[in-house]
Amino acid sequence: MSRVWAVAKNSFVSAMRMKTAIVFMLLLIILLPIMSLTTTGDGTIKGRIQSFITYGLGLTSLLLSILTIVVSCHTLSAEIKHKQIYTVVTKPVRRYQLILGKVLGIAVMDIILLAVFATIIYALSVQMPKFAKTTPEELAELNAEFFTARASLKMTVDQQALDERVQQVFNNLKNTGQIDENKSKQQILKELKDAARYSMFSAEPGGMVIWEFHNVKPFDSNEMLFIRLKFNATQIPPDNLLYGVWYVGDYRQVQFSHDKAKSPIYAVPRKDVAKTVREFQVPADAVADDGYLAVVFFNEPANNSTLIFSEDEGLEVLYKAGSFTANYIRAVIVVFSRLVFFAVLGVSLTTWLGFPVAILFCFVVFFTGVVNGFVVTSFDYVGESLSILYSFTIKPLLWLLPKFDENYNINKYIIDAKLINAAFLSFALVSLGIKSVILLLAGFIIFAKRELARVIV
Amino acid sequence: MAVTNEQYVIEAVSLTKIFADWWGRSRVVAVNNVDLKVRNNQVFGLLGPNGSGKTTMLKMLLGLLHPTKGRAFILGGDSKDTRITSQIGFLPEESYLYPYLNARETLDFYGRLFGLNSKVRKARIDVLLDMVGLSGMASRPIGTFSKGMARRIGLAQALINDPKLLILDEPTSGLDPIGTRQIKDLIVELARRGKTVLLSSHLLADAEEVCDRVAILYGGIVQKEGKIEELLEQKDKTQITSTVLSERTLEQIRRIVEKDGGEIEIKPPMQKLESYFIDIVNQAQKAKKYTSGAVNTFDASDAQRAAAMSNVLDKLVAAKVDAQKLEKVEAPAVVETEKTGADLNVINQLAQGSEIQMPEPVEPVKKPENIHVQDEIKKNILDELTKSEENKNE
């Protein structure tokens, strides 16, 4: 291990004494404070901080990724090219230790740089409200909607239960001879399923819709639950307002008629406009001890209209599930895992490629990672005609590519104050970890087998 | 198990290296079926002109190149074994150091690669920097060093593990005469201490002075190998060196030799340019003239120099006494491998297994036989021309 550290220290020193590292550091040191002063966002203090964090963290992650790619592609290839490798591999160092040391050195550099710049961004964004004229209301809004980490809950339909129910209905219809002979079984089942889904998320006058959630873990039961809703109505009244009562709490207590309610059930009568996202709050102690929460909507008969909630966007429960600081640290860890991936990629590639080819390849991987969704979809489209060939060749390669876009875009989580939960974090780390290990092993094998001396006669 | 005098420290059996181009065509045979045996405590010189395969040979021994055919054993094992590499010091043909590290950091890095603890590292680095005359420049980046100064760091790097076997590729290239002299003294002293040295060189005077045994390579083939005295001894001559003699004594000697039927030539012996040069530089150093280059405190006489070098090496080894990892540093010299002694039968089978296609010998350009015929033709033409001129005159 001491040998790995020796190599790591050497590659770290090399990177720090290379002027590229200094240039990137200077760029960040100059750009970050300027950005904190000049970003405007949508004009509000929340918007300013949001855009500062987006650009600041985005820029840091971009520049450090580029720096990591440059350094990792350079460190080993330069040693092979300038033959310093001769005196290193003839020492009692195994070749895999050399590769590990290189990666470790770059990782240490990334840890230091990322820690410094992430701290600067954090400190600046936390201080920003103090420098602007911020009203207490704005500050409260900031704390509730930005300097927090909220978990978001959407109900997932139990597909199996749904299928079973649909099958049961189908059997009933069949037994009573009500099946339309002109339609195939598949078609009928699909229609029945759609109808079941519709009825699950729509309430006739006097009817109700139930959303159930499990494993709800509020950060603090004194905090609030934010309930976002959006519905459509079959008949819109002249004043546009539709009435209903929302019950939030442990619905099982009602179902099984316990004598004494353990946790409170909050009843919130509301009048809302259709087709618009609305939000209301209830105290978080509505969640049962075992993490169960139900939201029940009761449609007032006076509306004389059926209210329809969409399955995806009809109802969302947000609650504070962590602190902003912890969430920010998780985001930085995800960024760090990406940097390590690029360090591994660069070093592994240069076990058999020269600097220019390796760096080109790394940048291709980096930018396809940023637009991964697009690339994968377009390849999927092309691949349909060559399905077998495609699924055994390009598809595994595409899987090796990292994904930084859409759902994997870490910036979005911070801006929406969305909790980076342990599942997401571990998925990000494990998937990149597996890819890195595969690359590392390939690098070990190639490097152990190759001739390091050049052909000179 | 320690290396005994009977054992070979380096043993290469029909070692061959063929370089092919990308398509596998137009091959160049850099080393061709070389058998090489270096005994313990020998100073062995690989001599040869440029491109004769010396460096390729060393690279194969060290595992930097894979032999096309044959096998090499080094300290009785494989060059990939870390227990073996921990006992080897290697100085490549150029120093190949990290330009961004300074001299001390460089040596520290290599010391760490050997797993030496910080105490030993520090002590040895001090001794080595002093030895190569770069103590004053320990914190200057290597990138600013001249070739010879970098070479000195390269040498220090090769000695940091107190190696049992030292492999030096062109050790004196790029060094000034003092550095050259020092390396030669060092090699002699190391040999006296039971180390083995394998060096390649095309500077024959240097090799002649230090090597016990040499192999002369040409075209990747060992042309001649043997003890240096045996190879160079002129069996038909006798050399007598004495203090200055009077004219009368010389005359007497001449008469005796002639009476015996021999030939004699009498002249004062010439000083070597090397020792003359060292004298001059020493005088300048004693006068404390300024230099930004390497500074060696250097004694003129062989005995003094040998003593000084011995002293340096003592200090170098002494650093090990403090070492906590004494056992580890002093790892057994020979690691048992499946085939320690080269099983010649197996090796021969191996060697015959892959038939090596030699590049087709280029047909020597045949001297055109009709060349004088052409001359005759030309003569004829000239004759005719002159004739025609004569005709004109007529």
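In what follows, chains are A, B, ... by sequence order, proteins preceding strands, each numbered from 1. Note that these values count all heavy atoms, side chains included, but never hydrogens, waters or copies made by symmetry.
A centroid separation of 6.0 Å or more is found between the aromatic rings of B:Phe90 and A:Tyr86.
Remark: the backbone N or O of A:Ala78 is paired with a side-chain donor or acceptor of A:His82 at under 3.5 angstrom. The main-chain N or O of B:Leu116 is found under 3.5 Å from a side-chain atom of B:Arg121 such that the two form a donor-acceptor pair.
With chain A as the partner, the residue from B:Ile167, B:Ile88, B:Leu97 showing the most heavy-atom pairs under 4.5 Å is B:Leu97. Of the listed residues (B:Asp108, B:Leu91, B:Thr85), the one with the most heavy-atom contacts under 4.5 Å to chain A is B:Thr85.
Neither the backbone nor the side chain of A:Val4 comes within less than 4.5 Å of any heavy atom in chain B. With a 4.5 angstrom heavy-atom cutoff, A:Ala448 touches chain B only via backbone atoms. Only the side chain of B:Glu105 has a heavy atom closer than 4.5 Å to any heavy atom of chain A. Heavy-atom distances place the side chain of A:Lys9, and not its backbone, under 4.5 Å from chain B.
Within a 6.0 Å radius of NZ in A:Lys435, more than 12 heavy atoms belonging to other residues, nucleotides or ligands are found. For B:Tyr100, the OH atom sits in a packed shell: over 12 heavy atoms of surrounding residues, nucleotides or ligands are nearer than 6.0 Å. Environment of OH in A:Tyr55: sparse, with no more than 12 heavy atoms of neighbouring residues, nucleotides or ligands closer than 6.0 Å.
Scanning for ring-ring contact (aromatic ring centres under 6.0 Å, His included) contacts around A:Phe24 gives an empty result, with sequence neighbours left out.
Proximity to chain B at a heavy-atom threshold of 4.5 Å picks out A:Thr90, A:Lys91, A:Pro92, A:Val93, A:Arg94, A:Arg95 from residues 90-123 of chain A, in numerical order.
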